Amino acid sequence: MVDQFVGTWKMISSENFDDYMKAIGVGFATRQVGNRTKPNLIVTMDDQGTICLKSQSTFKTTEIKFKLNEPFEETTADDRKTRTVVTMENGKLVQKQSWDGKETNIEREITDGKMIAKCIMGDVVAVRTYVKEA
Ligand code: DKA
């Protein structure tokens, strides 16, 4: 199931991301940069089932390595320190981040060969679309 996510993905569109960043508490200056940034997401998985998500952009490069269902500490691009767990739910790769009594989910799924990332904080949802690089 994870195999379909493996590859290098380039973001082509982003909707409602400013509202999402506000909802998770990102400050004005970082939101300005976040709104302008079009990251690449590089997804790999090794023989032991360790998954790596590397987000590369001119703003910041972040990388997390994890196994499904095993919680780990994450430092996000906006510098939150989160307790994170990633699960597969009905074909979606669901990244649940918890910090300061708050919780957000990033749900990624493959639709028509594109990777759709839904960033969800309460009733605020941002939708970011990625296409696979050749
Ligand atoms: C994605 O993979 C979602 C990334 C969510 C990042 C939230 C914080 C960004 C702060 C600039 O496209």
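Counting starts at 1 for both ligands and their atoms, in listed order. For clarity, every value in this text was computed on a predicted model and none was experimentally measured.
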> Arg108 near ligand 1, heavy-atom distance under 4.0 Å?
Replying inline: yes
> Considering only the protein, which heavy-atom contact is closest to atom 6 (C) of ligand 1, and what is its distance?
Replying inline: Phe17 CZ, 4.1 Å
> If only atom types and distance count, is the side chain of Gln4 paired as donor or acceptor with the main-chain N or O of Met1 below 3.5 Å?
Replying inline: yes
> Which bit of Cys119 is near ligand 1, meaning a heavy atom under 4.0 Å away: side chain, backbone, both or neither?
Replying inline: side chain
> What is the closest protein heavy atom to atom 8 (C) of ligand 1, and at what distance does it sit?
Replying inline: Asp78 OD1, 3.4 Å
>> Looking at every non-hydrogen atom in both residues, tell me the closest pair between Ala117 and Tyr130 and how far apart they are.
In response: CB-CE1, 4.3 Å
>> For Arg128 versus Pro39, what's the shortest heavy-atom pair and its separation?
In response: NH2-CG, 3.6 Å
> Could an N or O of ligand 1 be found under 3.5 Å from any N or O of Arg128, whether backbone or side chain?
Replying inline: yes
>> For Ser98 and Arg83: C-alpha separation, side-chain torsions, deciding distance, then whether side chain to side chain donor-acceptor pair (under 3.5 Å) applies.
In response: CA-CA 5 Å; Ser98 308; Arg83 184 82 171 153; over 6 Å; no
>> Show, in sequence, the C-alpha distance, side-chain angles and deciding distance for Glu103 and Gln97, and conclude whether the side chain to side chain donor-acceptor pair (under 3.5 Å) test is met.
In response: CA-CA 6 Å; Glu103 191 173 286; Gln97 298 171 328; over 6 Å; no
> Please state which protein non-hydrogen atom is closest to atom 1 (C) of ligand 1 and give its distance, to 0.1 Å?
Replying inline: Tyr130 OH, 3.4 Å
> Considering only the protein, which heavy-atom contact is closest to atom 11 (C) of ligand 1, and what is its distance?
Replying inline: Phe59 CE2, 3.7 Å
